[in-house]
Amino acid sequence: MATATKPSSNTFRVGKRDVSVSNPQKVLYPQAEFTKADVVRYYLDIASTLLPHLKDRPLTLKRYPNGVDHPFFYEKMCPSHRPSWVATTRMVTTNRQIDFCVVEDAATLVWVANLASLELHTLLSRGKELERPTFMVFDLDPGEGADMLDCIRVARRFRGILEQLGLESFSKTSGGKGLHLYVPLNTPVTFDDTKFFSRVVAQLLEKEDPKHVTTNMRKDLRTGKVFVDWSQNDCHKTTACAYSLRARARPTVSTPVEWGELDRALRKGDASALAFEAGDVVKRVKKQGDLFEPVLKLRQRLPGLTS
């Protein structure tokens with residue numbers, strides 16, 4: 001847990017840095033009366049667990065200046081008014097060079113929160129090796145008529161297929177209605193490798209159970225099904241980081257969960273058991289630790305890759 005003191009009403013002392021927070025009492029989640037100060041407090045409370053998942057990863061800001069009930073905007077280029085101590089990493093695209101923000105410490109986390117960047121969206125690779133993903137991710141998103149329990153059923157089958165291929169997987173809630181399934185790699189691999197592999201596995205699941213699974217992005221084809229989005233495995237795409245707040249009606253968090261928790265929720269028919277808000281997540285981490293730590297460390301190779 002990072003610690004901060006408040007020398008003044010609008011300044012937080014985080015470590016050796018003074019970080020200004022404008023309008024700390026501004027309500028960003030009206031339904032929960034959750035203010036910008038509450039956002040800052042959550043990110044400080046979870047910082048020691050969250051920061052390893054942000055380390056070296058280019059960050060796309062998703063900013064909600066007037067709260068979750070109002071329009072948002074994405075910001076890839078790290079703002080020019082950033083403090084000198086905010087780290088950046090450069091990524092060359094077809095059109096331009098982009099200097100992304102990189103969150104390396106709690107002070108930067110507070111600075112990002114002050115921008116009302118509620119959600120933390122990172123690349124699947126790190127700054128020094130942007131062409132090498134450290135994990136694969138599958139986004140399981142329920143269509144109309146489906147729900148979290150359907151996502152759990154699909155995730156369990158997905159896990160079984162991956163285990164048959166010698167791969168261990170980890171799950172987290174999206175912070176909304178769905179699940180994110182992660183396959184840590186942390187070995188030499190390219191996005192071409194992960195994109196091909198993830199598409200094949202997702203389409204295999206779809207072929208086995210077309211009534212409940214689709215890999216087609218069209219919303220009119222998702223009714224009653226779980227959309228398995230494998231296309232996130234791309235060098236330019238981002239995914240909500242573990243422990244990131246989500247911009248829903250309430251301050252829910254993309255929360256790592258154990259497979260046993262998913263099984264219990266399915267057995268009880270209780271999807272609400274997997275809805276975690278900021279305070280819940282801080283308590284979970286104190287009790288359970290970082291359930292996503294293996295995603296940072298576990299070394300696995302995709303079948304067929306020997307280098």
Side-chain angles (χ1 to χ4, degrees), residues 1-2 39 42-57 59 103 109 118-124 126 133-142 148-149 151-156 158-160 162-163 167-186 198 226 228-229 232-233 238-248 250-268 270-300:
M1 179 186 298
V39 171
Y42 165 70
Y43 277 129
L44 280 171
D45 286 345
I46 205 70
S48 60
T49 303
L50 169 60
L51 286 171
H53 296 279
L54 294 172
K55 182 176 175 57
D56 295 331
R57 294 191 189 274
L59 177 72
V103 178
L109 196 55
L118 304 179
E119 300 188 353
L120 305 174
H121 289 252
T122 57
L123 293 180
L124 278 64
R126 297 187 183 277
T134 62
F135 51 75
M136 281 189 304
V137 63
F138 298 90
D139 185 357
L140 279 54
D141 185 19
M148 172 68 83
L149 299 179
C151 290
I152 295 173
R153 294 184 185 97
V154 172
R156 291 174 70 192
F158 223 135
R159 183 192 187 196
L162 292 167
E163 285 180 338
L167 294 170
E168 191 172 353
S169 57
F170 299 82
S171 59
K172 68 180 177 73
T173 68
S174 66
K177 298 183 296 181
L179 286 173
H180 294 160
L181 195 64
Y182 277 57
V183 181
L185 297 171
N186 299 306
S198 60
V226 173
V228 177
D229 187 359
Q232 295 297 105
N233 297 289
T238 62
T239 301
C241 188
Y243 305 106
S244 170
L245 284 166
R246 302 308 305 269
R248 303 296 194 262
R250 300 189 64 82
T252 56
V253 173
S254 185
T255 309
V257 288
E258 296 177 319
W259 286 104
E261 290 181 275
L262 298 182
D263 291 339
R264 285 192 294 275
L266 187 59
R267 197 163 52 244
K268 295 179 179 180
D270 184 12
S272 67
L274 298 173
F276 303 106
E277 296 187 14
D280 304 321
V281 173
V282 173
K283 292 176 183 176
R284 281 173 61 85
V285 168
K286 286 181 180 178
K287 181 179 180 180
Q288 298 173 283
D290 180 10
L291 297 180
F292 244 42
E293 185 177 17
V295 174
L296 299 174
K297 299 179 178 180
L298 181 60
R299 296 173 61 83
Q300 302 187 112

Candidate pair Leu109 and Leu44, rule side chain to side chain contact (heavy atoms under 4.5 Å, CB included), full reasoning: CA-CA 8 Å; Leu109 196 55; Leu44 280 171; over 6 Å; no
Side chain to side chain contact (heavy atoms under 4.5 Å, CB included) between Arg57 and Thr134, intermediate numbers included: CA-CA 11 Å; Arg57 294 191 189 274; Thr134 62; 2.7 Å; yes
Pair Glu168-Leu162, side chain to side chain contact (heavy atoms under 4.5 Å, CB included): steps then yes or no: CA-CA 7 Å; Glu168 191 172 353; Leu162 292 167; over 6 Å; no
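Tested against Thr255, the residues Val281, Val285, Leu291 include a single side chain to side chain contact (heavy atoms under 4.5 Å, CB included) partner, Val281. For the side-chain hydrogen bond (donor to acceptor under 3.5 Å, both in side chains) with Ser254, the qualifying choice from Glu119, Lys172, Arg246 is Lys172, the only one to do so. Between Glu277 and the options Arg250, Arg248, Arg284, a salt bridge (charged side-chain N to carboxylate O under 4.0 Å, His left out) holds for only Arg250.
The two residues Trp259 and Ala155 come nearest to each other via the heavy atoms CH2-O, 3.7 Å.
Considering SG of Cys151 and CG of Leu179, their distance stands at 5.5 Å, rounded to 0.5 Å. How far NZ of Lys283 is from CG of Asp45: 11.5 Å, rounded to the nearest 0.5 Å. Considering CZ of Arg153 and CG of Leu140, their distance stands at 13.0 Å, rounded to 0.5 Å. Between Thr239 atom OG1 and Asp139 atom CG the span is 7.5 Å, to the nearest 0.5 Å. Here Asp270 contributes atom CG and Arg264 contributes atom CZ; the two are 11.5 Å apart, rounded to the nearest 0.5 Å. Ile46 CD1 to Ser244 OG: the interatomic distance, rounded to the nearest 0.5 Å, is 11.5 Å.
For Phe135, the ring pair (Phe, Tyr, Trp, His ring centres under 6.0 Å) test picks out Tyr182, with sequence neighbours left out. In terms of the side-chain hydrogen bond (donor to acceptor under 3.5 Å, both in side chains) criterion, residue partners of Lys297 (sequence neighbours excluded) are, by chain and number, Glu293. Every residue was checked against the side-chain hydrogen bond (donor to acceptor under 3.5 Å, both in side chains) condition with Ser169, not counting sequence neighbours, and none meets it.
Inter-residue side-chain proximity for Val103 and Leu120 is flagged as unmet; no heavy-atom pair is nearer than 4.5 Å. Side chains of Thr252 and Thr173 form no contact here, defined as non-hydrogen atoms less than 4.5 Å apart. In this structure, Cys241 and Leu50 have side chains that are in contact, with non-hydrogen atoms separated by less than 4.5 Å. No side-chain heavy atom of Lys55 sits under 4.5 Å from any side-chain heavy atom of Leu296. By the 4.5 Å heavy-atom criterion applied to side chains, Asp141 and Ser174 are not counted as neighbours. Looking only at side-chain heavy atoms (C-beta outward), Pro256 and Phe170 stay at 4.5 Å or farther from each other. At a threshold of 4.5 Å between non-hydrogen side-chain atoms, the residues Leu245 and Val253 count as touching.
Distance alone, capped at 3.5 Å, is enough to place a donor-acceptor pair between the Asn186 side chain and the Val295 backbone. A donor-acceptor distance shorter than 3.5 angstrom exists from the side chain of Gln232 to the backbone of Thr238, with no hydrogens or angles considered. Judged purely by atom type and a 3.5 angstrom limit, Tyr43 uses its side chain to pair as donor or acceptor with the backbone of Leu118. Between the Gln300 side chain and the Val183 main chain, no donor and acceptor come within less than 3.5 Å of each other. Put simply, the side chain of Arg159 never gets that close to the backbone of Leu181: no donor and acceptor are under 3.5 Å apart.
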